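Below is one structure, written out as structure tokens; the observations come after it.
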Amino acid sequence: MAAFSILFFVIWLFKAQNFETSSSNDVANDYSYGKAIKDPFVWKFALGFGAFLFLYVMTLTSLPPTLAEAYPAFRPGAMICAVSGGGIVGTLLMLKIKIERKRRPILLALGSAVIVTVALALCFIKSAPSIAYILLFISGILLFTQYPIYLNIPHELPNMNPQKSTLLFGVIWALTYGFYTILNVIWSMVLGVGGLLSANIFYIIVSMIYLVAIILLPETYHKK
């Protein structure tokens, strides 16, 4: 994977072209890391994105072995395959679907659905693992149908151009993974002190920060 990343990066260096995502003006061209770090949008978006990653990445990393230790009948590999397999289906769906409507209602609906689906899956893991795997597969689809919509919001902001989007995402990615790491550490502490049930409750409640962020973000879709 690392070799392929290097290969495609080299190809990109020679083949990539500059592009305008919206419009270009002096305000956008004067954008800097200092302005990005002070931009309220960046913090709202990164906090929501951190909660989204916490919801998603935990299903592929910390949760499977933790759940398997508590429930011997549960197969962590099946959970990972279910979520990632659903993610592939969701990605393929979004390659075919063009969203021409307001972003926030869609994200709120899909975000709420995936949180409920994951919560139900956690409830069925002990009594009916097969149902949990199906729900996790559905959660993977829901996760990746909203992922490109959410991630494209900064590109749809007014006066966006390549320079501004590059600086914007440089700060966003740094903050996002910082938030995700903090949430992961706190989850581990809750697990150690309060046990699996407390950790699962914390996991679901904190994931709802993503929904709060969506409400606070601006609506970027405008009918042409």
Side-chain angles (χ1 to χ4, degrees), residues 19-25 27-61 87 90-91 94-95 97-118 139-187 202-223:
F19 62 94
E20 299 296 331
T21 53
S22 178
S23 63
S24 179
N25 57 30
V27 175
N29 290 330
D30 288 339
Y31 202 73
S32 64
Y33 282 117
K35 291 182 178 179
I37 201 69
K38 296 176 184 177
D39 191 340
F41 170 85
V42 169
W43 288 88
K44 295 172 188 176
F45 186 88
L47 185 60
F49 199 10
F52 179 88
L53 285 185
F54 182 63
L55 173 66
Y56 161 56
V57 178
M58 290 285 285
T59 60
L60 303 177
T61 55
T91 301
M94 291 309 292
L95 290 175
I97 299 175
K98 187 176 182 181
I99 307 296
E100 293 291 348
R101 59 182 61 191
K102 291 184 177 181
R103 312 310 190 201
R104 289 196 302 180
I106 298 174
L107 290 172
L108 282 173
L110 292 174
S112 300
V114 71
I115 291 173
V116 170
T117 303
V118 172
S139 74
I141 297 175
L142 294 172
L143 280 164
F144 273 81
T145 50
Q146 64 193 292
Y147 184 73
I149 302 173
Y150 187 80
L151 206 59
N152 202 45
I153 287 177
H155 294 290
E156 297 176 336
L157 292 173
N159 301 320
M160 185 57 63
N161 68 3
Q163 178 189 355
K164 184 175 179 179
S165 65
T166 300
L167 295 175
L168 199 72
F169 271 100
V171 176
I172 284 173
W173 282 110
L175 292 175
T176 294
Y177 277 95
F179 290 142
Y180 164 74
T181 301
I182 292 170
L183 293 176
N184 208 331
V185 170
I186 296 174
W187 177 86
F202 173 82
Y203 168 65
I204 294 300
I205 291 176
V206 170
S207 297
M208 294 180 185
I209 294 174
Y210 172 62
L211 303 179
V212 176
I214 292 171
I215 295 172
L216 296 176
L217 290 175
E219 176 57 62
T220 56
Y221 173 73
H222 301 285
K223 190 174 181 180

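Remember, predicted model here, so these are calculated numbers, not experimental data.
One finds the CG atom of Leu216 at 5.5 Å from the NZ atom of Lys44 (value rounded to the nearest 0.5 Å). With values rounded to the nearest 0.5 angstrom, Leu108 atom CG is found 10.0 Å from Gln146 atom CD. Remark: Ile99 CD1 to Ile106 CD1 distance equals 5.0 Å, nearest 0.5 Å. The distance from atom CG of Leu168 to atom NE2 of His155, rounded to the nearest 0.5 Å, is 8.5 Å. Here OG of Ser139 is found 11.5 Å from CD1 of Ile115. Values are rounded to the nearest 0.5 Å. Distance check: Thr61 OG1 to Asn184 CG gives 6.0 Å after rounding to the nearest 0.5 Å.
Other residues, nucleotides and ligands contribute more than 12 heavy atoms inside 6.0 Å of the CZ atom of Phe41.
Annotation: side chain of Met94 is in contact with side chain of Ile149 (closest heavy-atom distance under 4.5 Å). The side-chain heavy atoms of Thr220 and Leu157, taken from C-beta on, include a pair separated by under 4.5 Å. Side-chain contact between Thr176 and Leu47 is absent, with no heavy-atom pair separated by less than 4.5 Å. Using a 4.5 Å heavy-atom threshold, the side chains of Leu55 and Leu143 count as touching.
When all heavy atoms of Ala213 and Gly48 are compared, the pair lying nearest together is CB-CA, 3.4 Å. The shortest heavy-atom contact between Phe45 and Leu151 is CZ-CA, 4.1 Å. Asn161 approaches Lys164 most closely through the heavy-atom pair OD1-N, 2.8 Å. Closest heavy-atom contact between Phe202 and Leu183: CE2-O, 3.9 Å. Leu175 and Ala46 get closest at one heavy-atom pair: CB-CB, 3.6 Å.
A side-chain donor-acceptor contact under 3.5 Å links Thr145 to the backbone of Leu142. Between the side chain of Arg104 and the backbone N or O of Pro218 there is no donor-acceptor pair closer than 3.5 Å.
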Audit row: Ile215, Val212, side chain to side chain contact (heavy atoms under 4.5 Å, CB included) steps and yes/no = CA-CA 5 Å; Ile215 295 172; Val212 176; 5.6 Å; no

task = With side chain to side chain contact (heavy atoms under 4.5 Å, CB included) as the test, would you mind laying out the steps for Arg103 and Glu156 before giving the verdict?
result = CA-CA 11 Å; Arg103 312 310 190 201; Glu156 297 176 336; 2.7 Å; yes

request  = List the steps and the verdict of side chain to side chain contact (heavy atoms under 4.5 Å, CB included) for Phe52 and Tyr150.
outcome  = CA-CA 10 Å; Phe52 179 88; Tyr150 187 80; 5.7 Å; no

inquiry  = Checking Met58 against Tyr56 for the side chain to side chain contact (heavy atoms under 4.5 Å, CB included) test, could you report, in this order, the C-alpha distance in whole Å, the side-chain angles of both residues, the deciding distance, and whether it holds?
reply    = CA-CA 6 Å; Met58 290 285 285; Tyr56 161 56; over 6 Å; no

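Just one of Tyr180, Phe54, Trp173, Trp43 meets the ring pair (Phe, Tyr, Trp, His ring centres under 6.0 Å) condition when paired with Phe49; it is Trp173.
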